[in-house]
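Let me begin by presenting the structure, written as structure tokens, before commenting on it.
The sequence lines fix the lettering, A, B, ..., with proteins before strands; numbering per chain opens at 1. All values below were derived from every heavy atom in this structure, side-chain atoms included, with hydrogens, water molecules and symmetry-related copies excluded. Nothing here was measured: the structure is a model prediction, and the numbers come from that model.
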Amino acid sequence: MSGEDRYIELLWGPQHPSSGHMRFIVKMDGDVVSEFYPDPGYRHVGIEKIAETKTYIQIIPLIERPAILDAANLNFVYVLALEKLLDIEAPPRAQYLRTMMAEFNRIASHLYGIGIFGIMIGSSTEFMWAFGDREIIIELMQMVGGARLTYSYMVPGGVRNDLPDGFKEKALKGLKYIERRLEDHKRIFLENAVTLSRLVGVGVIKKEEAIKLGIVGPNLRASGVRYDVRKAEPYGAYPELDFEMAVREEGDCYARLMVRIDEIKTSIYLIRQILDKMPSGPILHERFMRYLAKWKAYMERMKKIKFPPIFVSLRPPKGDSFARVECGRGEATCYIVSDGSTNPYRVRLVTPSFRNIIAFKYSMPGHRLADIPSIYGSLDYFPPGADR
Amino acid sequence: MSTDKVLNKVKGICKETRTKDKRIVLIVEKEKMKELAKELRDMGFDHVKSVTGIDYPQKGQMEVIYHISSYQDPELMGIIVEIRTTVDRDRPELPSLVDIWPSAEYLEREEYDLMGIIFKGHPELKRLLLPEDYEGIPPLRKDFKIPTEGIEA
């Protein structure tokens, strides 16, 4: 066949069993992809628009909805931007607690991604194992944040809860378990012959290409780019912590998988440091604490804060602010414009998954149909996170 | 390279500039956007982080903001450059920067979709998040009111 006849247009999704809610329009030449168009939007809920109608505190539970399995990090970027507007900084203990939650969430997010990746390339065992191990992290985070996934843990000027009694021992035990389990994952999945043959050398994104497309997170670092917001513009407790950025040079699906594994190890290393170095002191900024003088004894006994009344009508001064953090899946940025009233004039949230959409369009062509799940899974794309 | 050095190089092209910490704000006429973008790219700013449209119906204007930074240059990594320009609200058109920074492709397309801003020269300016057949006011504009569902007794 020749001309246009030789191409078949394939609609992949939005009910694809592994993809979730995302459609791809794929132009196939035999079983080779010749053009690939991502078509997101099935989970678009208009977070940015809804945020304009809410007060600054009400936005906290809203903003973490797009990626509930990485809620603490999205919470973090919004609160950082808001604190820049208010011109305050959380006290040291709150910074450490925030950073700890962010790192726990990074482990949970990577385990989730690896589990989904496993089932996409046919390893049901890896799916079950990764999700099972993620449960440990979720239990630990629940002890601190009070919920399994959506913690709304960080508030302007601090955090909601302090650590419960005996948390450190439990956390160390959990981390040790995860560390040991990574060896099992290596045996069953990471060094499995099927995994290697389906991932090594597939879906290569070269360094220049990765920079040009502006992709983020582990996908970027797997292509040899040494960029991590935690190093480029350290926030929270990161300036005081020691860690190495996980980078690989190959840029293929396997490198992206292994960067995530390395990052889990880095996060474990970071959390251990945080638990050791955790400073004592208040967990809310003094500007808000002064409204809570009569609750001081209660708050210390219960190890949590009460919301100061001013939170209801928080009015940041006129102006704008920009913040960025490294989420599990990559960099998230938040830009807030305040007109001096109780709700923001504009909130712009760019999530890592949205910035990775472009990678589909430019990395898929030239690969075979059977490679689509490998590449998709390796990009750790999350449709609700991208659509917002 | 410090923020001052970056600022000195592009001052001539901009209408107004200011810095706050490590964020450089450059306000520029839309006709000079491309010139400024090229200058910044040659300096080492290699990708776009976000494209934001803001609607000001009282002024009859819309503001378009690009946040850019660098992946490669360790000194520029910590700096965020903000390019701001205004367009007429009734004819919100400005040149696309995709040919300078390909990473802006989907970010610009999203603002076209939700804000109705037309980026001239964009390779694929189509609906992205909204349904393909959506008609009416772009939802992120201020005159779009969120529909509410009442309870019918």
Side-chain angles (χ1 to χ4, degrees), chain A residues 37-46 48-50 52-53 84 207-216 220-221 223 225-229 231-234 319-324 331-335 337 339 345-351 354-362 386-388, chain B residues 20-23 25 44 46-56 63 65 67-82 84 98 100-107 109-111 113-115 123-124 126-132 134 138-142 144-146 148:
Chain A
Y37 296 101
D39 177 21
Y42 291 89
R43 291 301 313 270
H44 178 62
V45 290
E48 291 177 3
K49 184 72 181 181
I50 300 170
E52 287 171 15
T53 67
K84 280 186 191 173
K207 189 177 176 182
E208 296 74 40
E209 180 90 351
I211 293 165
K212 201 182 86 186
L213 298 178
I215 59 173
V216 289
L220 179 72
R221 289 188 286 276
S223 296
V225 183
R226 302 189 61 81
Y227 176 86
D228 187 319
V229 185
K231 290 278 190 199
E233 192 188 327
D320 57 358
S321 70
F322 181 85
R324 50 175 163 168
E331 179 182 50
T333 68
C334 185
Y335 176 69
V337 181
D339 58 355
Y345 192 76
R346 176 87 164 93
V347 176
R348 176 80 169 129
L349 177 74
V350 179
T351 48
F354 188 73
R355 288 194 36 208
N356 281 332
I357 290 182
I358 193 168
F360 287 105
K361 188 174 171 185
Y362 293 101
D387 295 354
R388 287 154 291 148
Chain B
K20 200 188 173 215
D21 301 330
K22 295 202 102 183
R23 190 170 127 217
V25 183
D46 51 22
H47 70 285
V48 178
K49 288 198 186 298
S50 90
V51 178
T52 313
I54 307 178
D55 187 19
Y56 295 101
E63 207 167 10
I65 304 166
H67 287 100
I68 63 166
S69 188
S70 174
Y71 274 158
Q72 280 173 301
D73 190 329
E75 284 177 55
L76 296 183
M77 262 180 204
I79 300 174
I80 298 279
V81 177
E82 193 175 301
R84 304 179 78 108
V98 172
I100 295 163
W101 287 303
S103 43
E105 183 178 332
Y106 278 82
L107 294 160
R109 203 172 141 189
E110 188 194 1
E111 289 315 274
D113 194 17
L114 301 178
M115 267 291 180
E124 202 191 347
K126 294 199 301 193
R127 291 241 169 263
L128 183 69
L129 299 175
L130 297 179
E132 283 154 40
Y134 179 84
L140 275 181
R141 290 207 187 179
K142 288 288 171 186
F144 179 93
K145 293 278 172 269
I146 300 176
T148 50

With a 4.5 Å limit on heavy-atom distance, are the side chains of Arg324(A) and Ser69(B) in contact?
yes
With distance as the sole test, does Arg355(A) use its side chain to make a donor-acceptor pair with the main-chain N or O of Tyr106(B) at under 3.5 Å?
no
Judged by atom type as modelled, is there a donor-acceptor pair below 3.5 Å linking the side chain of Lys49(B) to the main-chain atoms of Glu331(A)?
no
Let me know if Val216(A) has heavy atoms under 4.5 Å from chain B in its side chain, its backbone, both or neither.
both
Let's test your reading of the structure: which of Arg346(A), Glu52(A), His44(A) forms the most heavy-atom pairs below 4.5 Å with chain B?
Arg346(A)
By side chain to side chain contact (heavy atoms under 4.5 Å, CB included) - contacts of Ala359(A) (at least two apart)
Ile205(A), Ile215(A), Leu379(A)
For a salt bridge (Lys or Arg N to Asp or Glu O under 4.0 Å) check, start with the C-alpha distance between Arg388(A) and Glu110(B), then their side-chain angles and the critical distance, and finish with the verdict.
CA-CA 11 Å; Arg388(A) 287 154 291 148; Glu110(B) 188 194 1; 3.2 Å; yes
Under 6.0 Å between the ring centres of Tyr345(A) and Tyr56(B)?
yes
Enter the distance from Ile146(B):CD1 to Ile50(A):CD1 here, rounded to the nearest 0.5 Å.
6.0 Å
Can you tell me which portion of Lys20(B) sits under 4.5 Å from chain A's heavy atoms? Options are side chain, backbone, both or neither.
side chain
The interface call for Asp113(B) against chain A, heavy-atom contacts under 4.5 Å, is neither
Would a 4.5 Å heavy-atom cut-off, applied to side chains only, mark Lys212(A) and Asp46(B) as touching?
no
Residue from Lys142(B), Lys22(B), Gln72(B), Glu105(B) scoring the most non-hydrogen pairs under 4.5 Å with chain A is Lys142(B)
According to side chain to side chain contact (heavy atoms under 4.5 Å, CB included), who are the partners of Pro139(B), at least two apart in sequence or on a separate chain?
Leu114(B), Leu130(B), Tyr134(B), Phe144(B)
Relative to chain A, which of Val51(B), Ile65(B), Val25(B) shows the most heavy atom pairs under 4.5 Å?
Val51(B)
Which pair of non-hydrogen atoms, one from Asp39(A) and one from Leu128(B), has the smallest distance, and what is that distance?
OD1-O, 4.0 Å
Is there side-chain contact between His47(B) and Ile211(A), with at least one heavy-atom pair below 4.5 Å?
no
Spatial distance of atom CG (Leu129(B)) from atom CZ (Phe354(A)) [nearest 0.5 Å]:
6.0 Å
CG (Leu107(B)) and CD1 (Ile358(A)) are apart, to the nearest 0.5 Å, by 8.0 Å
Identify which part of Lys361(A) has an atom lying under 4.5 Å from any heavy atom of chain B, answering side chain, backbone, both or neither.
side chain
Side-chain contact test, heavy atoms from C-beta onward, threshold under 4.5 Å: evaluate it for Ser103(B) versus Leu213(A) and give yes or no.
no
Hey, can you tell me if Phe322(A) and His67(B) have their rings parallel, tilted or perpendicular (30° and 60° cut-offs)?
parallel
Chain A contact via Arg109(B) - side chain, backbone, both or neither, heavy atoms under 4.5 Å
neither
Does some side-chain heavy atom of Asp320(A) sit less than 4.5 Å from a side-chain heavy atom of Glu82(B)?
yes
Using side-chain heavy atoms (C-beta onward) and a distance below 4.5 Å, is Arg348(A) in contact with Glu111(B)?
yes
